[in-house]
Amino acid sequence: MTLLFFRASHLPPAPHLSPASHLPPACPQVYVSPSLGDARKVEVTQFPEQGVKAGKAQNCLIIMNDAKGDIDCKLVTPSGKEDDVYMDKLDDEVHAVRFVPRDNGVHYFHVKCRGIQIPGSPFRLRVGEEEADPAACSASGKGLIAVETGVKADFIVDTCSAGAGTLAVTIDGPSKVSMDCTEVDNGYKVRYTPLVNGDYYIHVKYNNVHISGSPWKVGLAPHLTSVSLTLLL
């Protein structure tokens, strides 16, 4: 059985929250998010698509929508440093922004109005092709430990931090198994139903490389047949 899926992007990290300073040390720490005010009106348009080339100039527009206050922008590189951002005020409503990302990897474009992040900021921008990292994958669940004949078992393969790549799941055992896969918040859930008693070997590869723990052995198998599941992420 072969199923094809495409991985969705991450959400960028949440805006910084400031700790409340008026609480005594003995109290639990409380975080307060500042009011957006006019920042909620500001939006970014024509933002570059994911996978742009390093060293190539990128442009976008900041639309004020009658918001009042100064606009501040910055581009944070994968190493945490800041790249130059050039901004021109075309009129009271529109600012033109230009920047040149020089490193491959995920950058974050921050936009603030009156010192407050606008909705959606920081904006995530992937520069260059994202390399897959099989070592960042993991799998867990009862389906990797013990199964019952004729009873559906499942396990989760976490690919969230692995980058774009191909996930391949193969189950070898004394008979073919019914197998399917669905996308979940932290990766993919693989479900299978063994129909004959015996050993089953579960192989999980990412970009043709076994992830940590693979292959898993469940039971004893006197004779092997196989079924494969391949996902393009």
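For the single chain, residues carry numbers from 1 onward in sequence order.
- The distance from the CG atom of Leu195 to the OG atom of Ser178 is 7.5 Å, given to the nearest 0.5 Å.
- Pairing each heavy atom of Asn104 with each of Ala54, the nearest pair is OD1-CB, 3.6 Å.
- In this structure, Pro194 and Thr149 have side chains that are not in contact, with every pair of non-hydrogen atoms separated by 4.5 Å or more.
- Side chains of Asn65 and Glu93: a donor-acceptor N/O pair is absent below 3.5 angstrom, by distance only.
- Separating the CZ atom in Arg98 from the CD atom in Gln58 is a distance of 10.0 Å, to the nearest 0.5 Å.
- The hydrophobic clustering, which links ILVMFWY residues whose side-chain heavy atoms are closer than 4.5 Å, places Val111 and Val94 apart.
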Step-by-step side chain to side chain contact (heavy atoms under 4.5 Å, CB included) determination, Val85 to Val97: CA-CA 7 Å; Val85 174; Val97 178; 3.6 Å; yes
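- Note: the hydrophobic cluster containing Val52 also contains Phe99 (ILVMFWY, side chain heavy atoms under 4.5 Å, direct or indirect links).
- Listed here is the closest heavy atom pair of Val127 and Lys53: CG1-C, 4.0 Å.
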Residue pair Val44, Phe123: steps toward the side chain to side chain contact (heavy atoms under 4.5 Å, CB included) verdict: CA-CA 9 Å; Val44 173; Phe123 299 88; 3.7 Å; yes
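- Side chains of Pro134 and Lys205 form no contact here, defined as non-hydrogen atoms less than 4.5 Å apart.
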Met179 vs Arg191, side chain to side chain contact (heavy atoms under 4.5 Å, CB included): CA-CA, chis, key distance, verdict: CA-CA 6 Å; Met179 181 163 58; Arg191 297 177 296 181; over 6 Å; no
Stepwise side chain to side chain contact (heavy atoms under 4.5 Å, CB included) check, Tyr206 with Thr159: CA-CA 9 Å; Tyr206 202 65; Thr159 60; 4.1 Å; yes
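- In this structure, the side chains of Leu125 and Pro48 come closer than 4.5 Å at one or more pairs of heavy atoms.
- Under the 4.5 Å side-chain heavy-atom criterion for ILVMFWY residues, a single connected hydrophobic cluster contains both Val177 and Val196.
- Counting all heavy atoms, side chain and backbone alike, Pro174 lies closest to Gly198 at CG-CA, 4.0 Å.
- Taking the six-membered ring where the residue is Trp, the centroids of Tyr192 and Tyr200 are separated by 6.0 Å or more.
- Grouping the Ile, Leu, Val, Met, Phe, Trp and Tyr side chains by contacts below 4.5 angstrom, directly or via other members, places Phe47 with Ile71.
- The two residues Ile62 and Val42 make their nearest non-hydrogen contact at CG2-CG1, 3.5 Å.
- Asp72 and Lys112 are not joined by a salt bridge, as no carboxylate oxygen comes within less than 4.0 angstrom of a charged side-chain nitrogen.
- Contact annotation: the side chain of Tyr86 never approaches that of Asn59 to less than 4.5 Å [non-hydrogen atoms, C-beta and beyond].
- The nearest pair of heavy atoms linking Ser214 to Val204 is OG-N, 2.9 Å.
- In this structure, the separation between CH2 on Trp216 and CD1 on Ile211 is 4.0 Å, given to the nearest 0.5 Å.
- Rounded to the nearest 0.5 Å, atoms CD1 (Ile202) and CD1 (Ile145) are 10.0 Å apart.
- Side-chain heavy atoms closer than 4.5 Å link hydrophobic residues (I, L, V, M, F, W, Y) into clusters, and following such links, even through other members, never connects Ile63 to Phe109.
- Looking at Lys189 and Glu183, their side chains never come closer than 4.5 Å, going by heavy atoms from C-beta outward.
- In this structure, Asn207 contributes its side chain and Thr166 its backbone to a donor-acceptor pair below 3.5 Å.
- Between atom CG of residue Asp38 and atom CD1 of residue Ile118 there is a gap of 12.5 Å, rounded to the nearest 0.5 Å.
- We find the NZ-CE distance between Lys41 and Met64 to be 9.5 Å, quoted to the nearest 0.5 Å.
- Using a 4.5 Å heavy-atom cutoff, the side chains of Tyr201 and Ile171 are not in contact.
- Applying the salt bridge (Lys or Arg N to Asp or Glu O under 4.0 Å) test to residues at least two apart or on different chains, the pairs with a partner in residues 77-91 are Lys74-Glu82, Lys89-Asp92.
- Closest non-hydrogen pair, His107 versus Leu75, comes out as CB-CD1, 3.9 Å.
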